[in-house]
Amino acid sequence: MSTLHEVILPPAPIRREEALRYAMQPRTADGSGFPQMDACIRMAEGKITCRAVWRMDALAWEADRLDLGFAETESSALRRRLDGCDRAILFAATAGMEMERLILRAKAISPLHGLCMHAVGAAIIEEACDRLCARLAEEHPDDALRPRFSPGYGDLPLAMQREVFAALDCGRKLGLTLTDTLLMQPGKSVTAIIGLSAKGDNDR
Amino acid sequence: MTDVRSLLRSGTVYLDGGMGTLLQKRGMKAGEAPERWGLTHRDIIRSIHRAYFDAGSHIVMANTFGVNPVRYDAQTLELMVRTAVEDAKEARRESGAPQEKFVALDLGPTGQLLKPFGPLGFEEAVAAFAQTVRLGAAAGVDCVAIETMNDSQETRAALLAVKENCDLPVLVCNAYGSDGKLMSGSTPEAVVAMMEGLGADAVGINCSYGPETMAPVVLRYLACASVPVICKPNAGLPAVVAGETVYDVDEASFAASMRKLAEAGVRVLGGCCGTTPDYIAALTRATRDVEAKPVEPKRAAVIASRSHALTLSERPVMIGERINPTGKKRFRQALAESDMGYILAEGIAQEERGADALDVNVGAPGIDEKAMLPRVTEELQAVTDLPLQLDTADPAAMEAALRVYNGKAMINSVNGSEASMAAVFPLIKKYGGVAVALTLNEKGIPETAEGRLAIAERILARAEAEGISRRDLVFDPLTMTVSADRRAARVTLEALRLIREKTGCGTVLGVSNVSFGLPAREVIGSAFLTMALERGLSAAIMNPKSDAMLGAFRSFLTLNGMDANCADYIAFASALPQTQPAAAPAASAQPKEVPGGKGLRYAVTKGLCADAARFASEALDRGREALALVQEEIIPALDDVGRGFEAKTLFLPQLMMSAEAAEAAFREVKARASAASAMKRCAVVLATVKGDVHDIGKNIVRLLLENYGYQVTDLGRDVPPETVLEAVIRLHAPICGLSALMTTTVPAMAETVDLIHREAPWCKVMVGGAVLTEAFAAEIHADGYGRDAMAAVRCAERFEAEQNA
């Protein structure tokens, strides 16, 4: 059992370019603006506080298995990502129910508003995860942090979400639930694993 | 003293402390369910309960926190409740502690989110809790404790289940975040209003954080609750030190902080995660000499939405009247077609104009209000935070809506007739709510102010005799039409003043009626509104979209010092239409002025909704044939954009902007009914499959298919295979479209495809969604695959051509 750390990530400016990308709009074609996206960004700006919970576990490497502290896995993709790491941070982050409400509200305005608000939600939670990771890196100055890796990536089974939820007490800490079909709700949520290795090791 | 209700009245009540954290110390693994572990470790469970009784707890929670039918089958459920209650009772027998001792059935969250954000329907949740409650009551618990709930709607479901299945007292505790709100966004004031309305015997907080952190929330409870307040916090925050979980608030500081809260008026004290029998012993010692503060009933009339409470006595409130089909053809059509989008947009528009609450009336010929009112209520609450005023003359529809309403509603209405009071008062008693009481009775509407006051007083006396608080009534002295009787407005205003003075209750008026039959209705209507507000009107049911009415309302508040820095007035005024010729209208008219035929086709191509509607309307008014307009302008524009999308020179948002502009143009075409049938194509049933809630893609497909004239029936998301089949058979639909985003929901898609092929062999099924590929679609026997929304349209066209061939 590891200590659970709770993190509040207050509203930050919404990355418009990122939201456009999630709305499958690589750029605003003729610079003429995109009123629905702008309206959604205005609706969400400053409204969404993301919350996260994380824990750190020691990794135990075995011949064909990896003990993550909260679960064991045979995933070779994760093993590759964590190669050289002796610890890993497991986190869950969510933009919460308020984001879901904004999306429903936008859908009621028009399908395009719905698409845009979905994209805004994705941009918000991704930005919050970036902020969380930056903060974790600051808090662990002697360690190198690997890019985050989520259940469902490569051969890491999505079913691991059940163990992730138990390990992070996601229901109580974040109000997150997992459906039988392994959907996280509220939907704008992320769980991921970040490998850590002492910086000295890499320098040598 | 023999029951928990008298115990709550008698003074300070002590609950128990943590359970899960203690079980982990005794060998239970993290992630294991205490209720399951408890079945095989009954001696440990009993010893913990006993230690709490010995430490001074009056009420101990049986080990049933996680026991619900969402998690366990009926047999396990019964075994768990019976075992847990027996163990708690056995501990009570063993304890020699002198205080009165009771056992509570403990109800925690189901672990599933409720609709619309999760899979669990409200009535399903009520039924789930009801099973556990009946088992608990049969096992002989003394009361029920609802705990650690972080969604107000799930808390309501649990409380309603208790109330409908036993007569036991019930304590309701919610878990708050550090922002002082539930995860569902509800404030303490909103939660108190709804739980008191549903008949909770005590309300408060548990779990969450330590007592110091929770103190501000607890003080807010004390300020608004009329029942005893509970505080059952954690021993601070947990940390793992040398493999052991430790909490950062020790027994002494926990007890000291709790003493302060007891002195402030908290009457029910206990602990949650990290607290132990030692904490409870310290707590009882530290608070023994604190005299329990009496519970003061609060006076203000309060309604609440999911998120916040609205007090009707602090300043006048504006209730938007626009969700009402009376005299609105477009609205009746939306109801008949279950066009929720139109109704929701009407709600959002009023909220954006500053309405404090929304009246919701869906009564129209041919509409099943009992089904429609709760549906609109739920859908509106998903998109707006405003409290609702449920408006129906049908008590069954009122009850259906009150059940699902996540808040404390305004109930519109009851009147002085026996039949009305007999129908509505029980609903207020059961669900809570503030009733709009009309000052009329069997004999009609009294012509004098005194006559209306007399009815108000009679209603008030009857309500109080039935145990309904006077704060839950607001009186409507009835706005009559001044063009029919020159004294009408004066009588109403005089009755308003009299009722306020004599009863002290709040008042409400539907102000629009005064101007009926007169020209420039808003001019006289806004003057009447000002006069009514000046006489102390608490709530105006009015049209927030009228500049004149809204202007009168805003001005009144500003002139009465209720608008800091005149901010609301300035915001209102700056949104008024410009009186000087301004640049904006010219810009929107631009396409018309640009040479080169930049008309409807241009507007649709560029996704300009307003222009598309205007061009279509003008063309039709000029006598352009509807079908030609569709085939020569709208469809070619859509095709241009569709081709651009397929060639990747245009992107999804442009495709959708054009589709929405086309929809705006189609609306004009449909408004001229004869033309509508000409563009009709076959029926298509759409659904996002069971277990999946990702419906953005499906919604885009719907929009495009509708553009191309298909008669789309959209079943929504998380739709079981049988429901899809039922719709396909009912409509004899030749085409069905299914979407799924997750690998885990593709099996449900395969199941639906198989079912349709078996039972409705005439129907072709197309599938789409992020995880699907053409090969995967073939593997699950789908007849077609849509990579994107345009591909889905092409696929439907192909199916249709094959059918016609």
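All chains are named by letter (A, B, ...) in the order of the sequence lines, taking the proteins before the strands, and each is independently numbered beginning at 1.
Note that CZ of Arg172(A) is 4.5 Å distant from SG of Cys273(B), once rounded to the nearest 0.5 Å. Rounded to the nearest 0.5 Å, atoms CE (Met183(B)) and CZ (Arg51(A)) are 4.0 Å apart. With values rounded to the nearest 0.5 angstrom, Arg105(A) atom CZ is found 7.5 Å from Asp385(B) atom CG. Ile8(A) CD1 to Asp179(B) CG: the interatomic distance, rounded to the nearest 0.5 Å, is 7.0 Å. Note that CG of Leu652(B) and CG of Leu115(A) are 5.0 Å apart. Values are rounded to the nearest 0.5 Å.
Taking a cutoff of 4.0 Å between a charged side-chain nitrogen and a carboxylate oxygen, Glu100(A) and Lys115(B) do not qualify as a salt bridge.
Listed options Ala23(A), Gly187(A), Ala166(A) were ranked by heavy-atom pairs under 4.5 angstrom with chain B; first place goes to Ala23(A).
Contacts of Leu183(A) with chain B are made by both backbone and side-chain atoms, with heavy-atom separations under 4.5 Å. Using a 4.5 Å cut-off between heavy atoms, Leu703(B) touches chain A through its side chain atoms alone. For a residue to count as touching a neighbouring chain, one of its non-hydrogen atoms must lie under 4.5 Å from one of that chain's; by this rule Glu32(B) does not touch chain A. Glu351(B) touches chain A through its side chain: at least one heavy atom from C-beta onward sits under 4.5 Å away, while N, CA, C and O do not. Contact annotation for Gln36(A): only side-chain heavy atoms (C-beta onward) come within less than 4.5 Å of a heavy atom of chain B. Of the two parts of Leu178(A), only the backbone, made up of N, CA, C and O, holds a non-hydrogen atom closer than 4.5 Å to a non-hydrogen atom of chain B.
Looking at every heavy atom in both residues, Leu104(A) comes nearest to Ala382(B) through CD1-CB, 3.3 Å. Closest heavy-atom contact between Met742(B) and Leu182(A): CE-O, 3.6 Å.
With a 6.0 Å radius and a threshold of 12 heavy atoms from other residues, nucleotides or ligands, Lys107(A) has its NZ atom above the threshold.
In terms of modelled atom types and a separation under 3.5 Å, the side chain of Glu660(B) and the main chain of Leu112(A) share a donor-acceptor contact.
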